[in-house]
Amino acid sequence: MDAKIWALRREIPAGPSPWKALAAAWNLEPRLARLAWLRGVDRPEDLGWRLDPSWARSTDPHLLPGVDAAVARIRRAVEARERIVVYGDYDVDGVTATALLVRALERIGADVSFFIPNRFSDGYGLHLDCIRELKEARDPGLIVSVDCGVRSLAEVKASAELGLDWVITDHHALGPELPPACAVVHPHLGGYANPFLAGVGVAFKLAQALLGAVPHPTGADAAFLDGMLKLVAIGTVADVMPLRDENALLVRRGLDSLSGKNGPGLAALLRAAKKEGALGGQDIAFGLAPRLNAVGRMGGAEDAVRLLLTRDAAEAEVLMARVEALNQERRAIQEELASRLPRPDGAAFDLALDPTAHKGVIGIVAGHRMRATGRPAGVCTVIDGVAHCSLRAPEGYDLGELLVLAQPFILGGGGHRAAAGLSFEASRLAFVRQALERGAQSQAAQAKAGGRTIQPLLVDGAPGDLPDDADLARLEPFGQGFAPPLARLEGPVASSSSFGADHWKLRLAGLSDPVTWFAGHARPAQPQVGDRLCVSATPQGSARWGRSWLVDAPLGEMAP
């Protein structure tokens with residue numbers, strides 16, 4: 001693992017502390033106010049989304065474009081006893097959105113079932129073969145998409161000939177035309193106040209409107225919707241949506257709800273991930289989300305939805321055992337692929353192709369390579385001569401713009417700023433790589449990277465600059481757009497031991513808290529007693545064991 005250039009997250013001007021107003025307005029411990037200011041929070045009111053996440057701050061769902069038409073068509077279907085199918089996606093955002101909307105439709109008396117396409121046999125989005133099978137097997141009058149469908153013009157048009165109506169709910173990049181559905185609910189239409197809703201966030205807004213819990217829920221509706229925000233929190237964090245403004249409110253309320261009583265499925269998921277007590281965004285990102293994601297990555301994602309929907313404890317245990325087995329299989333395949341791919345070569349866009357790569361894990365490996373280099377990355381496999389790629393990008397890049405540049409050479413693609421997919425004829429790899437590299441170079445230049453090939457890793461200071469864990473929890477959720485705390489640890493190694501494969505437990509002189517390093521495929525040499533270590537690390541709070549530090553990356557020189 002190469003040492004990274006680093007810098008303080010934000011330059012601190014001379015004179016009075018610029019975070020004093022934040023501390024005074026919210027009665028914050030100064031180090032906590034400093035942490036918020038380092039993340040670009042200058043106005044006290046901007047912290048209200050986290051520190052006072054009341055329903056009154058949330059946006060009326062009827063302001064979301066398409067919601068009124070969607071509510072009208074769905075209510076008509078319920079009154080007429082039409083069968084409704086929720087058509088979802090196989091990632092965590094799609095799975096949580098599917099479960100949420102099924103629960104909401106059940107609550108208003110709908111005859112509802114769900115369908116999730118298979119990643120391998122169907123691929124992403126709406127498919128006419130699947131729609132025909134749904135028509136024949138279930139005879140629905142209405143299909144409601146979640147987290148997909150906004151570019152599926154042909155499929156929605158062909159559905160009309162089968163006697164099927166559609167309500168489309170999605171958050172992915174819009175095309176030049178909207179599908180001819182009864183309603184298209186999308187946060188990028190009409191100047192909506194929160195364009196960064198995840199697919200599950202869009203489904204939540206529709207559910208709130210269906211219940212008539214507007215402009216803000218009260219009573220039993222508020223309790224039900226707070227339960228649904230558990231799913232919003234999981235899907236929003238997993239889909240790497242910015243955790244600012246209303247998204248921060250929705251996820252914060254969801255985290256608070258997850259930390260209380262849960263149904264059998266979520267309770268089993270939390271036990272498997274060894275999560276207890278108050279939860280944070282990183283508990284979802286590295287504990288809950290990978291397990292739910294594994295189901296769709298290794299095959300069909302239906303069991304993930306069933307796990308979230310079940311009210312039976314015994315069924316939850318059976319489903320969770322399947323989920324955990326798939327997660328272990330996913331992890332082994334992922335590690336094997338990561339170990340055999342060539343190392344990044346310094347290109348502005350790191351695009352790697354392995355014709356035998358498992359399609360279900362290429363996105364995870366792309367994400368790991370992106371975090372290791374600080375640049376956009378993609379990993380591709382080849383099926384029947386067609387390359388299928390998953391792309392990931394750090395903050396400051398926009399994959400949607402890069403896909404536009406690659407359009408002449410690809411068969412299809414879509415996604416959002418931080419995560420996307422594309423396909424192309426494998427013989428056109430060189431053209432696709434060149435388009436992506438040129439686009440990434442241009443975006444890096446626009447971001448004023450100062451001529452550096454790699455943007456510096458941004459840290460919050462020394463361990464003593466970070467507040468205690470109880471104070472840190474006040475600023476949750478941490479994640480995309482509101483980075484988790486990251487400290488610079490430096491000093492001689494006082495003790496070093498190993499556990500597992502390439503995992504180390506360390507003590508640094510002068511630092512009372514232990515340090516854990518999961519070295520993985522980077523395989524640097526294990527630090528020995530007396531070696532001087534300089535790494536970035538995130539605090540890991542535990543009610544049982546206290547604070548420890550998890551190494552993120554070795555650090556080199558400070559950026560000029």
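Position 1 is the first residue of the sequence; numbering continues from there.
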Is any side-chain N of the basic residue among Asp398 and Arg417 closer than 4.0 Å to the acidic one's carboxylate O? yes
Within residues 81-92 or reaching into it, pairs that qualify as side-chain hydrogen bond (donor to acceptor under 3.5 Å, both in side chains) - sequence neighbours excluded: Arg73-Glu82
Flag the pair Thr538 / Trp549 as yes when at least one side-chain heavy-atom distance between them is below 4.5 Å, and no otherwise. no
With side chains defined as the heavy atoms from C-beta onward, is the minimum distance between Leu472 and Phe478 less than 4.5 Å? yes
Is any side-chain N of the basic residue among Arg39 and Asp460 closer than 4.0 Å to the acidic one's carboxylate O? yes
Hey, does Val71 have a side-chain heavy atom less than 4.5 Å from the side chain of Val67? yes
Are Asp221 and Arg107 within salt-bridge range, i.e. N to O under 4.0 Å? yes
Flag, side chain of Thr310 to backbone of Gly265, donor-acceptor distance under 3.5 Å: no
Tell me, do Asn247 and Gln480 make a side-chain contact under 4.5 Å, heavy atoms counted? no
Check this for me, if you would: do Arg76 and Glu79 make a salt bridge, where the nitrogen-to-carboxylate-oxygen distance has to be below 4.0 angstrom? no
Any salt bridge (Lys or Arg N to Asp or Glu O under 4.0 Å) pairs touching residues 280-301, not counting sequence neighbours? Lys275-Asp283, Arg291-Glu324
Between Glu29 (side chain only) and Leu32 (backbone N and O only), is there a donor and an acceptor less than 3.5 Å apart? yes
Measuring only between side-chain heavy atoms, which start at C-beta, is Leu458 closer than 4.5 Å to Leu486? no
Is a side-chain donor-acceptor pair under 3.5 Å present for Asp60 with His62? no
Please answer whether the main-chain N or O of Thr59 pairs with a side-chain N or O of Glu246 as donor and acceptor at a distance below 3.5 Å. yes
If you count heavy atoms of other groups shown closer than 6.0 angstrom to CD of Glu45, is the number above 12? yes
Hey, are the side chains of Glu315 and Pro264 touching, using non-hydrogen atoms and a 4.5 Å cut-off? no
Sidechain-backbone polar pair: His186 side chain, His172 backbone, donor-acceptor under 3.5 Å: yes
Would you mind checking if Asp46 and Arg43 are paired as a salt bridge, meaning a charged N to carboxylate O distance below 4.0 Å? yes
Contacts of Phe204 meeting ring pair (Phe, Tyr, Trp, His ring centres under 6.0 Å) (sequence neighbours excluded), chain-then-number -> none
Is a salt bridge present between Arg271 and Glu317, judged by a nitrogen-to-oxygen distance below 4.0 Å? yes
Going by heavy atoms in the side chains, are Glu155 and Trp166 under 4.5 Å from each other? no
Salt bridge flag under 4.0 Å for residues Arg253 and Asp226: yes
Is there side-chain contact between Val78 and Ile84, with at least one heavy-atom pair below 4.5 Å? yes
If I compare all heavy atoms of His171 with all of Leu197, which pair ends up nearest, and what's the gap? ND1-O, 3.1 Å
Is Arg10 salt-bridged to Asp42, cutoff N-O under 4.0 Å? yes
